[in-house]
Amino acid sequence: MASVADEVLEIFAAKGEAAYYGEDVSQLEHALQAAQCAVRDRATEALVVAALVHDIGHLVEGAPEDIADQGVDARHEEVGQAWLAARFGKEVYEPAHLHVAAKRYLCATDAGYFGKLSAASVQSLALQGGPMTGEEVAAFEGNEFYREAVALRRWDDEAKIPGLVTPGLEEYRGMLEAAAKK
Ligand code: FE
């Protein structure tokens, strides 16, 4: 049986060259940049893994690239959640699951955040429900992994730099194996 690390590497090998919706990087480049940001900021290995696989729902589901243009939220975080929860512990799948909500959270709580979002990210925000209300903010802060989700969200936003050179996927094989459900 293929290990979880093999599975992740195979998915990126097969589909990682796909464009990251509306951005100038591929899915694989985006994942590697997000993971590299997590390493830079001395995140736990579980959170580095979460950063690497946070959008794997896009690749597992195979939603069309222009899904946001069609006015449909692919709800990739739900698909990704199920896929990740079958393979990793909650310290990996919860931050990944919450990373879309974290955008709505930051739009409500960080005055400078909205202005830094990319055009595609602003477009999908509307589909995702817009900034959180005060009640939603309080509920979000009740999540065990909300701080990790917010950190992941900031790396996610940063990980869109065309042509940036990063370590490759193999660099994360050991971390993936260590974080995988036994
Ligand atoms: Fe992302």
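Atoms within each ligand, like the ligands themselves, are counted from 1 in listed order.
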Undergrad: Sequence neighbours excluded and cut-off under 3.5 Å, please list the side-chain donor-acceptor pairs for residues 159-170, or say none.
TA:
residue, atom, partner, partner atom, Å
K160, NZ, E23, OE2, 3.4
E170, OE1, R173, NE, 3.0
E170, OE2, R173, NH2, 3.4

Undergrad: With carbon and hydrogen excluded and only N/O/S kept, which atom of D55 is nearest the Fe ion (ligand 1)?
TA: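 Among the N, O or S atoms of D55, the one closest to the Fe ion (ligand 1) is OD2.
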Undergrad: Are the aromatic rings of H54 and H30 close, with centres under 6.0 Å apart?
TA: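 Judged by ring-centre distance (under 6.0 Å), H54 and H30 do meet the cut-off.
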Undergrad: Only pairs at least two apart or in different chains count here, so list each salt bridge (charged side-chain N to carboxylate O under 4.0 Å, His left out) that has a residue in residues 25-52.
TA: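 Residue pairs with at least one partner in residues 25-52: R40-E158.
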Undergrad: Which atom, among the N/O/S set of D156, is closest to the Fe ion (ligand 1)?
TA: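 Restricting D156 to its N, O and S atoms, the minimum distance to the Fe ion (ligand 1) goes to OD1.
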Undergrad: If you check every N/O/S atom of H30, which is the one nearest the Fe ion (ligand 1)?
TA: NE2
Undergrad: Under 4.0 Å between a side-chain nitrogen and a carboxylate oxygen: does that hold for D110 and R154?
TA: yes
